[in-house]
Every structure is written in C-alpha cells, then in structure tokens.
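Below is one structure, written out as structure tokens, with a few remarks after it.
Index from 1, following the sequence.
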Amino acid sequence: MQKHAKLLLICLGCLFLQFELSAQNVPSKVINGKIVFSDTIKTKLDKVQIGDRLRAILSNQDYSEGGKLTDNNDSIHTFSLRMTDFLAIERRPLSIFSMMMRYFLILEYKDNCCIATIANISYIEPDEYEKKVRLKDNNFDLMPAEMVLLEKKYKSLFIKDASEKIILKTNQRVNEIFATVRSGIKR
C-alpha cells in the first residue's frame with residue numbers, strides 16, 4: 001500500500017513540475033523590454049513559392065485586422081499583420097475566463113527561409129474589445145504582455161492564478177500559429 005502511495009506522490013510531483021515548467025516557458029526573447037516569439041523555418045522553396053504559400057495560409061485566417069506586404073529589398077519580403085485572437089482560457093459551468101490577444105504577426109521570407117515573429121502582444125477583455133469594435137473606437141485600453149506574462153500582474157476576482165493561465169494559453173496559441181506557418185510552408 002505504501003508503494004502505491006509513494007508512486008502516486010511521485011506521479012503527482014512530476015505532473016506539478018511539468019505544469020510549472022510549461023507555465024514559466026513564456027518568452028522566446030525579451031528585446032528592449034518587450035516579449036518577442038520567433039521561429040525560423042528552413043525550406044528548399046524559393047521566395048516566390050514561400051510567398052505563395054504564405055498568402056494561402058493568410059487568406060484562410062479570419063482574425064486579421066489587416067496587413068501589408070513590403071519589399072525590404074530584392075531578396076527579403078515581409079508580411080506584417082495586426083491580429084486579434086480570442087483565447088478561451090478556462091471554461092466553467094456558468095462562465096468562461098477569456099481574453100483577446102492582439103499582436104503583430106511578421107513573416108519575413110527569402111529563398112530557403114521564413115522567419116515568423118509574434119511581437120507587440122497585448123490583451124484586452126472580450127467585453128471591452130467588443131464594445132470598442134461596435135463603437136468603432138480604436139483607442140483600446142490594452143494590457144501589455146510584459147505585465148501579464150513577465151510580471152504576472154493580471155488578477156481576476158474569480159480566477160486563481162489568472163496570469164499563469166494566460167501564460168499557458170498564450171504559449172499554446174503561439175505554438176499553433178507557428179505550426180500552421182511551418183506546415184503551410186513544408187507541405
């Protein structure tokens with residue numbers, strides 16, 4: 001009986017440790033005090049093929065607030081888009097804890113390479129976001145990612161460890177975005 005109890009404690013300890021590690025694995029980089037996620041994708045495609053595949057990926061996304069294609073020079077091209085995602089962080093029987101995550105998705109590409117970057121991340125509560133959009137008011141009261149992800153200062157009256165939960169969901173969403181870009185280029 002004691003063997004089973006010890007084994008159960010070890011398993012629970014490992015599960016807790018895994019949660020702690022994933023919750024703290026937030027920024028890939030902090031540049032000038034700002035959180036930046038980045039992924040470099042190597043490929044055998046040239047810049048025209050990469051651009052075509054990126055356009056196909058971006059045309060299937062309905063959360064873009066607009067963007068542009070710029071030619072930095074003859075060898076490097078850039079897509080820069082302002083994006084907003086709904087993060088369903090914690091579902092409960094009568095409520096849902098959620099945030100809107102706003103960020104820039106920057107896709108720089110050249111022959112054989114694409115660098116996907118997520119920068120200028122901020123959060124806003126969904127009700128506030130919807131109200132601003134409905135009123136066509138672009139003056140959003142945003143919480144910078146650094147306050148939520150690094151300083152862990154976001155608190156909610158009814159949600160324990162709200163910043164930790166936002167960290168986990170942000171990491172999950174960033175990984176989903178990078179996986180979509182990676183699979184779209186590598187298909």
Side-chain angles (χ1 to χ4, degrees), residues 17-43 45 47 50-51 53-70 72 76-90 97-126 129 140-154 156 159 161-187:
L17 179 62
Q18 181 181 4
F19 173 78
E20 283 296 305
L21 290 175
S22 64
Q24 292 176 6
N25 185 20
V26 179
S28 62
K29 294 179 203 168
V30 178
I31 301 173
N32 295 328
K34 300 287 185 185
I35 295 174
V36 177
F37 293 90
S38 187
D39 186 26
T40 301
I41 304 155
K42 301 286 184 186
T43 180
L45 302 176
K47 66 182 175 192
I50 294 171
R53 291 188 183 188
L54 290 175
R55 280 184 194 81
I57 294 167
L58 296 172
S59 69
N60 291 328
Q61 307 303 322
D62 60 353
Y63 46 81
S64 171
E65 295 180 28
K68 61 183 176 181
L69 169 65
T70 58
N72 298 348
I76 299 175
H77 298 276
T78 305
F79 284 115
S80 177
L81 300 106
R82 168 56 98 176
M83 310 291 275
T84 302
D85 289 341
F86 176 80
L87 301 179
I89 298 166
E90 183 176 280
F97 173 47
S98 59
M99 297 294 278
M100 301 300 289
M101 182 173 87
R102 298 185 83 211
Y103 57 93
F104 277 99
L105 174 61
I106 303 154
L107 301 167
E108 295 179 300
Y109 61 98
K110 59 183 181 178
D111 289 340
N112 307 318
C113 181
C114 176
I115 300 171
T117 303
I118 295 176
N120 295 343
I121 303 167
S122 56
Y123 301 93
I124 186 170
E125 293 183 5
Y129 177 79
F140 293 101
D141 186 22
L142 301 170
M143 291 174 281
E146 297 72 30
M147 184 182 107
V148 177
L149 303 178
L150 294 178
E151 299 169 18
K152 300 179 183 175
K153 288 186 176 179
Y154 184 80
S156 175
I159 305 297
D161 300 324
S163 281
E164 293 291 329
K165 291 175 180 175
I166 295 171
I167 290 168
L168 290 173
K169 198 55 139 175
T170 298
N171 278 333
Q172 178 184 350
R173 183 63 189 133
V174 166
N175 288 330
E176 288 170 0
I177 293 165
F178 288 159
T180 299
V181 172
R182 185 174 289 280
S183 67
I185 289 174
K186 297 250 179 179
R187 66 176 157 90

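Of the candidates Met147, Arg102, Met143, Tyr123 forms a side chain to side chain contact (heavy atoms under 4.5 Å, CB included) with just one, namely Met143. The side chain to side chain contact (heavy atoms under 4.5 Å, CB included) test with Ile185 singles out one residue from Ile50, Thr180, Leu107, and that residue is Ile50.
The distance from the OG1 atom of Thr40 to the CD1 atom of Ile115 is 4.5 Å, given to the nearest 0.5 Å. The structure places CD1 of Ile167 at 12.0 Å from NZ of Lys165, a figure rounded to the nearest 0.5 Å. Atom OG of Ser122 is separated from atom CE of Met100 by 11.0 Å, given to the nearest 0.5 angstrom. Distance check: Asp39 CG to Arg182 CZ gives 4.0 Å after rounding to the nearest 0.5 Å. Once rounded to the nearest 0.5 Å, the distance linking CD1 of Ile89 with OG of Ser98 reads 6.5 Å. Atom CG of Leu54 and atom CD of Glu108 lie 11.5 Å apart (nearest 0.5 Å).
Residues Met83 and Ile118 have side chains not in contact (no heavy-atom distance under 4.5 Å, counting atoms from C-beta outward). For the pair Lys169 and Met99, the minimum side-chain heavy-atom distance is 4.5 Å or more. Residues Ile177 and Asp85 form a side-chain contact, since some pair of their non-hydrogen atoms from C-beta on lies under 4.5 Å apart. When side chains are defined from C-beta on, Ile166 counts as touching Phe97, because their heavy atoms get closer than 4.5 Å. Side-chain contact between Phe178 and Phe37 is present, with at least one heavy-atom pair separated by less than 4.5 Å.
In this structure, Ile57 and Gly184 approach most closely via the heavy-atom pair CD1-CA, 3.6 Å. Among all heavy-atom pairs drawn from Tyr103 and Ile121, the shortest one is CB-CG1, 3.9 Å.
Distance alone, capped at 3.5 Å, places no donor-acceptor pair between the Lys34 side chain and the Lys29 backbone. At least one donor-acceptor pair closer than 3.5 Å links the side chain of Glu146 to the backbone N or O of Ile35.
Within a 6.0 Å radius of NZ in Lys186, more than 12 heavy atoms belonging to other residues, nucleotides or ligands are found.
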